[in-house]
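Notes follow the structure.
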Amino acid sequence: MPQKIFNTATRRKEIFKPVKEGTVSIYVCGITAYDVCHIGHARGAIFFDVAVRHLRSRGYQVIYVKNFTDIDDKIIDRAKKEKVSISGISKRYIDLHNEDMAALGVENPTLAPRATEHIDDMIALISILIQKGNAYCVEGDVYFSVDKFPLYGGLSGRNLEEMVAGARIDINDKKKNPLDFALWKKSKEGEPFWESPWGKGRPGWHIECSAMSRRYLGETFDIHGGGEDLVFPHHENEIAQSQAATGKPLANYWMHNGFVRINSEKMSKSLGNIFSVREILNKYHPEVVRLFMLQSHYRSPVDFSENSLAEARSALARCYATLQLQTEALDRPVPSNNLSKKKTSAKEENYTSILEELKEKFDAALDDDFNTAQALGYVFEAVRHMNNFLVAEQKATTLHKSIMLQTSKKVFAHFGAVLGILQDDPDHYFRCDKEKESRKRGLNIEEIENLIKERQAARAAKDWARADAIRDELTKLRIIVKDSNNTTSWIIE
RNA sequence: GGCGGCAUAGCCAAGUGGCUAAGGCAGCGGUCUGCAAAACCGUUAUUCUCCGGUUCAAAUCCGGAUGCCGCCUCCA
């Protein structure tokens with residue numbers, strides 16, 4: 001099945017055809033380094049991470065570029081406020097960003113260029129635009145002339161007249177058209193600057209992406225991505241700059257991820273409902289966040305709440321419980337003399353083929369515009385299927401059982417590798433989960449373990465009253481006790 | 001004012017013309033268990049906001065209504 005991608009530019013799902021057979025070049029707009037990453041950044045990062053992982057698993061060689069904006073008004077403001085250098089601010093938040101992404105299991109992009117390292121590329125591009133008459137210089141500022149670019153508005157589906165008629169456009173006397181945007185800004189007193197043919201100044205926001213994508217991916221590359229808010233004006237302006245300069249399309253496919261909402265409200269500073277990645281990772285295993293994000297389609301808004309994360313946590317625990325059973329089954333030695341004696345039945349073979357079929361469906365779901373929600377549906381079907389198998393075949397020691405376990409191991413490894421979940425050791429996962437949950441609820445793991453031990457002793461002595469009393473006590477703390485033949489494990493509800 | 005999106009079970013959420021409307025969470029009945037829990041088995045939408053239309057056939061296409069949301073200003 002060919003890869004399909006919903007292209008913002010055409011508002012349609014299209015069959016993906018790379019510029020160069022077998023490779024994918026992708027550019028995603030990264031962060032402006034002036035604050036810590038929030039859950040919205042996490043969504044975009046996780047989604048594009050999965051998209052790239054999937055393309056790679058399908059055999060494409062992917063070049064993934066995600067930039068850092070390290071010069072910008074907000075960074076300058078913050079530097080002023082804290083009385084530190086601009087590079088001090090940007091370095092701090094780039095480092096924190098990298099930590100957060102690593103914690104979320106987001107793989108590093110192939111390249112992570114910074115705007116300030118590409119000022120020359122930007123100046124070169126702006127010069128071309130001036131030369132071609134698409135840009136003009138006024139008192140040290142350089143503006144892009146939207147009237148000279150007939151395709152302007154094509155990506156976001158707007159036209160110039162309507163936008164000019166809109167009341168919210170700021171009127172600037174220097175601009176020929178109110179929609180013209182800055183390519184280069186004359187530096188103000190005390191601001192950082194670079195020398196340019198138009199005097200001392202710094203780049204406008206949009207030009208960096210045009211310059212860096214051109215440098216690393218060429219004039220036309222495959223996929224350009226970002227959050228949906230970037231469609232206008234940022235990506236519209238990038239297209240205008242790049243295509244006016246090169247005469248070629250900037251990117252063939254435009255992908256935009258939807259926003260994260262908080263309890264059905266827009267996440268914003270004024271509402272004070274911004275959740276940082278680090279504060280969430282303090283409470284939840286990173287894969288819970290990934291699972292939560294991937295359960296919705298990337299283009300839909302996703303509603304983030306304590307409750308929805310808790311649901312994702314239960315769902316992930318279900319997967320790890322199965323992996324744990326699987327690991328135990330794999331560790332159990334199978335007497336080799338029994339293997340040869342028993343023949344594999346059709347029913348047994350069926351177990352393996354269903355798992356392999358689910359893997360195919362999983363990949364096909366991701367081929368279809370990266371439908372991670374549907375792909376996860378197949379993961380959970382595989383979980384149930386595996387549980388069935390593990391219960392039904394518990395006592396079996398046939399050759400098939402070990403084949404099935406190996407297949408399952410392979411299939412779940414594939415699911416996990418593509419979605420970036422199920423990467424933890426199950427025991428470690430549950431331990432980590434316990435630590436986070438107990439910290440959150442002010443529980444003491446040691447005390448709980450002691451109670452569990454006490455209860456086990458009571459059970460061994462068949463002192464059911466005592467055992468039940470302890471269990472009731474633990475239940476009040478929302479701790480679930482799981483007894484098996486000779487051990488007792490526990491989880492936090 | 002302009003442009004765009006969404007509405008599917010108690011909750012979350014796939015599905016965009018035709019097999020029984022994925023999956024998760026929660027609930028209920030059963031197996032298991034000292035009793036539970038976990039796991040497993042079974043079960044929970046004759047129906048996809050409403051009203052019209054197209055079609056042999058629509059949650060899925062078209063028109064209209066209602067409700068919610070996003071972008072147009074820095075924003076992932």
Side-chain angles (χ1 to χ4, degrees), chain A residues 8 11 13 28-32 34-35 37-45 47-48 72-74 77 153 156-159 161-170 179 205 225-234 236 256-261 264-269 274 291-292 295-297 299-303 305 307-308 310-319 321-322 324-325 361 365 368 371-384 387-392 394 459 462-465 467-468 471-472 474-475 479-485 488-491 493:
Chain A
T8 308
R11 288 167 212 289
K13 256 189 230 174
V28 175
C29 292
I31 58 155
T32 298
Y34 76 105
D35 208 345
C37 291
H38 58 243
I39 191 71
H41 295 114
R43 184 182 194 192
F47 169 67
F48 284 106
D72 162 276
D73 288 344
K74 290 188 293 292
D77 286 349
S156 52
R158 299 150 203 259
N159 68 60
E161 293 81 59
E162 279 167 0
M163 281 190 280
V164 175
R168 283 166 143 189
I169 290 166
D170 131 71
L179 290 169
W205 172 36
E228 65 177 356
D229 58 317
L230 298 180
V231 176
F232 189 89
H234 187 237
E236 196 70 71
H256 294 94
N257 64 275
F259 266 25
V260 174
R261 298 198 303 222
S264 308
E265 281 180 320
K266 185 180 169 164
M267 181 167 63
S268 74
K269 295 221 160 157
I274 292 184
L291 181 71
F292 165 70
Q295 265 178 327
S296 301
H297 189 97
R299 283 187 274 117
S300 313
V302 67
D303 205 344
S305 66
N307 191 42
S308 54
E311 280 185 8
R313 173 177 168 258
S314 299
L316 188 61
R318 184 169 149 79
C319 296
T322 298
Q324 203 168 32
L325 291 175
K361 287 181 173 173
D368 187 12
N371 193 335
T372 56
Q374 191 168 72
L376 270 169
Y378 296 127
V379 172
F380 283 103
E381 275 188 40
V383 165
R384 187 184 3 202
N387 285 336
N388 269 312
F389 171 81
L390 289 166
V391 166
Q394 207 159 27
R459 286 185 72 224
K462 296 196 191 287
D463 182 357
W464 308 125
D468 290 355
R471 188 171 63 201
D472 288 346
L474 290 167
T475 304
I479 286 162
I480 297 167
V481 184
K482 300 198 248 185
D483 294 332
S484 61
N485 291 342
T488 296
S489 63
W490 59 281
I491 54 167
E493 185 191 306

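What you see is a predicted model, and the numbers here were worked out from it, not measured in a lab. So you know, we letter chains A, B, ... as the sequences are listed, proteins then strands, and number each from 1.
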**OP:** Assign A/R261 to base, sugar-phosphate, or nothing according to its heavy-atom contacts below 4.0 angstrom with the strands shown.
**Re:** sugar-phosphate
Could you state the atom-to-atom distance from [atom1] of [X] to [atom2] of [N] in whole Å?
{"X": "A/F232", "N": "B/rC75", "atom1": "CZ", "atom2": "P", "answer": "12 Å"}
{"X": "A/M267", "N": "B/rA76", "atom1": "CE", "atom2": "P", "answer": "9 Å"}
{"X": "A/H256", "N": "B/rC75", "atom1": "NE2", "atom2": "P", "answer": "13 Å"}
{"X": "A/H38", "N": "B/rC75", "atom1": "NE2", "atom2": "P", "answer": "12 Å"}
{"X": "A/F380", "N": "B/rG23", "atom1": "CZ", "atom2": "P", "answer": "11 Å"}
{"X": "A/E236", "N": "B/rC72", "atom1": "CD", "atom2": "C1'", "answer": "12 Å"}
{"X": "A/D72", "N": "B/rA76", "atom1": "CG", "atom2": "C1'", "answer": "14 Å"}
{"X": "A/K462", "N": "B/rC35", "atom1": "NZ", "atom2": "C1'", "answer": "13 Å"}

List for me each residue that meets side chain to side chain contact (heavy atoms under 4.5 Å, CB included) alongside [X], sequence neighbours excluded, and say none if there are none.
{"X": "A/H234", "result": "A/C29, A/W205, A/H206, A/C209, A/L230, A/E238"}
{"X": "A/D468", "result": "A/R471"}
{"X": "A/A467", "result": "A/R455, A/A458, A/R459"}
{"X": "A/R261", "result": "A/P301, A/D303"}

Test salt bridge (Lys or Arg N to Asp or Glu O under 4.0 Å) applied to [X] - qualifying residues, sequence neighbours left out:
{"X": "A/K482", "answer": "none"}
{"X": "A/R318", "answer": "none"}
{"X": "A/D73", "answer": "A/K185, A/R202"}

Span that lies between the [atom1] atom of [M] and that of [N], in whole angstrom:
{"N": "B/rC71", "M": "B/rC75", "atom1": "C1'", "value": "12 Å"}
{"N": "B/rC50", "M": "B/rA9", "atom1": "P", "value": "10 Å"}
{"N": "B/rC69", "M": "B/rG64", "atom1": "P", "value": "22 Å"}
{"N": "B/rC62", "M": "B/rU55", "atom1": "P", "value": "16 Å"}
{"N": "B/rC32", "M": "B/rA21", "atom1": "P", "value": "33 Å"}

Original post:
Going by an N to O cut-off under 4.0 Å, is there a salt bridge joining A/D368 and A/K13?
Top reply: yes
**OP:** Can you check each nucleotide of nucleotides 9-20 of chain B against protein heavy atoms at under 4.0 Å and return B for base, S for sugar-phosphate only, - for none, in 5' to 3' order?
**Re:** --B-SSS-----
Subject >> Spatial distance of atom CG (A/L291) from atom OG (A/S314) [nearest 0.5 Å] >> reply: 10.5 Å
Taking N or O atoms only and anything under 3.5 Å, show me the protein contacts with nucleotides 38-40 of chain B, one pair per line.
unit_1, atom_1, unit_2, atom_2, d
B/rA38, O2', A/K482, NZ, 3.4
B/rA39, O3', A/N387, ND2, 3.1
B/rC40, OP1, A/N387, ND2, 2.1
B/rC40, O3', A/N388, OD1, 2.6

